[in-house]
Amino acid sequence: MAETIFQKIINKEIPADIVYESENVLAFRDINPKAPVHVLIIPKIEIPTVREIIGSEHAALLGEMYDAANQIAIDEGISDDGFRLVFNCGDNGGQEVYHIHMHLLGGRQMKWPPG
Ligand code: AMP
């Protein structure tokens with residue numbers, strides 16, 4: 001399968017506004033932000049969609065992604081007011097990039113239900 005744009009960001013082949021990096025997780029600002037704070041949190045290993053998440057195998061990695069989201073929310077000053085974490089999955093879910101990513105959105109009131 002062709003390398004995704006996020007794999008190129010992991011490999012530092014294309015630039016991104018990186019806000020967090022650890023051994024297993026990378027986070028950078030969305031290039032087309034939908035909120036005042038819009039950060040994408042991704043694993044460094046490629047998992048195309050959340051359908052490929054295997055509970056025990058990926059549990060620790062998902063935990064790291066949620067830890068990163070909480071830390072970034074604090075760093076960005078949106079933790080106290082609240083924020084939204086979203087994984088889109090597949091066509092109906094509106095997924096465009098097939099390397100799983102958690103959207104961290106905040107800095108404004110979110111609406112429900114989402115479009
Ligand atoms: P999704 O629709 O859930 O697959 O989200 C993909 C997100 O990646 C969209 O919000 C895009 O704006 C964002 N995106 C695409 N290319 C880049 C890039 N090079 N750097 C940062 N964000 C990107």
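Whatever order the structure lists them in is the order used to number ligands and atoms, beginning at 1.
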Ring centres under 6.0 Å, that's the criterion: do His101 and Phe6 meet it?
yes
Can you tell me which residues line ligand 1 if we count any heavy atom under 4.0 angstrom from one of its atoms, in chain and number order?
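For ligand 1, the contacting residues are Ile5, Phe6, Ile9, Phe28, Arg29, Asp30, Ile31, Asn32, Lys34, Leu40, Asn88, Gly94, Gln95, Glu96, Val97, His101, His103.
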Salt bridge (charged side-chain N to carboxylate O under 4.0 Å, His left out) with Glu3: which residues, sequence neighbours excluded?
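Testing Glu3 for salt bridge (charged side-chain N to carboxylate O under 4.0 Å, His left out), a comparison that skips the adjacent residues, returns Lys8.
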Listed by chain and number, what are the ring-ring contact (aromatic ring centres under 6.0 Å, His included) partners of His99, not counting sequence neighbours?
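Scan of His99 (ring-ring contact (aromatic ring centres under 6.0 Å, His included), adjacent residues dropped) gives none.
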Gln71-Asp75 side chain donor-acceptor pair, cut-off 3.5 Å:
yes
Is Val39 reachable from Ile18 through a run of I, L, V, M, F, W or Y residues, each pair having side-chain heavy atoms under 4.5 Å apart?
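No, Ile18 does not connect to Val39 through the hydrophobic network.
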Run the side chain to side chain donor-acceptor pair (under 3.5 Å) test against Asn32 and tell me which residues pass, sequence neighbours left out.
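Expected list: none.
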